[in-house]
Amino acid sequence: MINLPEIHDFIYNNELSEGSGLKGAINLETAYLIVKYFTKDINNEISNIKVKDQNFSLSGSKISLTNINFGISNYSHEKVKIKFLHPNIIYLRLENIKAWGKFKSSFEIIISTIKESVTFDIKNLSVEANVMIKSKIVNGKRYPDAEVVSLNYVYDFDFNLSSALGKLISLFKSLIKKEIRKEINKTIDKEINHGLQIGLKKIPIEIVVDKKRGLVIDYSLVSTPFIQNGYILFNSYARFINKNIIETQNKDNYFLPLMVPSYDLLGKSSQIYVSEYVINTALFTFFKSRDLEILIKPQMLPQNLPIKLNTSWLGIIFKDISDVYGKDIPVFIKLIVCENPQMILKEKMISFILPTNIEVIVEGFEGIAVKFRTTFFVDAELKVFEDCKISGNIKNLNIQNTKMIWSYTEDENFATNVEKQFNTLKIIALPFVNFFVLKNMHFNLPVIRGIKFTDLTISHHDNFVIVNYNFNYIENQS
């Protein structure tokens, strides 16, 4: 466990938050785990490094060093140290890295020419780097970037010559070591910067949700991330889009980003604020992608649920339906969100407005028995259980503005009666739906190979959903 810096009261400049749809903070330990995650393949990336051949002369003798190679053979994350330096510098130290090296030498000395292969050990390799957090503009959007602003490294290496003239050649040993070290130093500089760029390339310029269907989270930083009180803070615009549907990519698509409130991390390692704007772009994109359509079948309801999808039970809402189609005939209900849905955060609730077309289909009969349009007004709360499973609980549900499109009856008051009976029946039905249906329905946080989210809490405040969690890196997880 890393010793975390003391967390002071946050004094945060809200001007940097204005217009931000997504805001986050990660602490020192989480940053360390992210470094581990992005460098877990570093062994393969910087081994067998080729160093430039060297030719030089001394006292009339020519010395050639060719095929100089070195590499890291055992890199341990446990030897990584990290700390934040104000305002945008991260200090990294990698200690006791095991490495190896070899070269072929050709010594042309006055009395003879000697050629041999030489191996050498690089010992006690430690690297210190100060990395500056930056941002870069790509196609008009701002993304995370970084730069190594200072680099120091310490190591020892030695080699032994086994030739008959080893003692004579050993006179040149210090010079040979000096020249090899010079080239190794250049290569370490190059490879560390190269490794940093490899890590940066792993940071996505968009977060893919479903590649096949084109669903992604599009984001752009509001400003360069910075360090404050032991946390890296970032603000970004974000929206949920479908790359195959132009309408979802409209920058003005109906919702405006909001100003993000100040942080209150509640002792967790990470915190994300997600605005109504981001959630509503997701709803809009799901609507345009035709994902907000569902066919409810009788067999989908739990057998112990008192509510049944048949003509007898639904006769409470749809007058005389059992007289027209018969008693206890299974009924299918199709729900199609027909206009842009919206979510609104209230003091203790999450509210949804869902304009919906409803089709009632009776088994064994062609066509639609009832089709009407209405608007659902849903008040719900989110619950977290078993660490990181999220479930919902409906606190209130109403329908309004009901208009009949098609019905088996010519009753002029049919739509009004449906709305009235539904809003009356829901008082009885909601507890059963919550207990028998929603209680057993949940979703987990996204699963990323090698990463585990724990200790999740969800709340909301000032038009933002606030997610607090701890971030864990799991070694060698496949």
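In this chain, residues are counted from 1 in sequence order. Note that this is a predicted model, so its numbers are computed, not measured.
Legend: salt bridge (Lys or Arg N to Asp or Glu O under 4.0 Å) pairs involving residues 359-371, not counting sequence neighbours, sorted by first then second residue: E359-K371. For the salt bridge (Lys or Arg N to Asp or Glu O under 4.0 Å) condition, the pairs that include at least one residue of residues 281-310, sequence neighbours left out, are R213-D291, E247-K288, R290-E293. Residue pairs meeting the salt bridge (Lys or Arg N to Asp or Glu O under 4.0 Å) criterion with at least one partner in residues 129-138, sequence neighbours excluded, are K134-E147.
Every residue two or more places apart in sequence or in another chain was checked for a side-chain hydrogen bond (donor to acceptor under 3.5 Å, both in side chains) with N357, and none qualifies. Residues passing the ring pair (Phe, Tyr, Trp, His ring centres under 6.0 Å) test with F372, sequence neighbours excluded: none. Qualifying side-chain contact (heavy atoms from CB on, under 4.5 Å) partners for V208, counting only residues two or more places apart in sequence or in other chains: K211, V216. Among residues two or more places apart in sequence or in another chain, the side-chain contact (heavy atoms from CB on, under 4.5 Å) test is passed with V331 by T311, L314, I333, V360, V362. Checked against side-chain contact (heavy atoms from CB on, under 4.5 Å), Q400 has the following partners two or more places apart in sequence or in another chain: F377. F332 meets the ring pair (Phe, Tyr, Trp, His ring centres under 6.0 Å) test with no other residue; sequence neighbours excluded. Residues passing the side-chain contact (heavy atoms from CB on, under 4.5 Å) test with D218 are K141, R239, I241, sequence neighbours excluded. Residues forming a ring pair (Phe, Tyr, Trp, His ring centres under 6.0 Å) with F365 (at least two apart in sequence, or on another chain): Y325.
Not less than 6.0 angstrom separates the ring centroid of Y277 from the ring centroid of Y237.
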Got a list of side-chain donor-acceptor pairs under 3.5 Å for residues 418-430, not counting sequence neighbours?
from, atom 1, to, atom 2, distance (Å)
E419, OE1, N401, N, 3.3
E419, OE1, T402, N, 3.0
E419, OE1, T402, OG1, 2.7
N423, OD1, I399, N, 3.0
N423, ND2, I399, O, 3.2
N423, ND2, E419, O, 3.2
T424, OG1, K420, O, 2.9
K426, NZ, L397, O, 2.8
K426, NZ, N398, OD1, 2.6

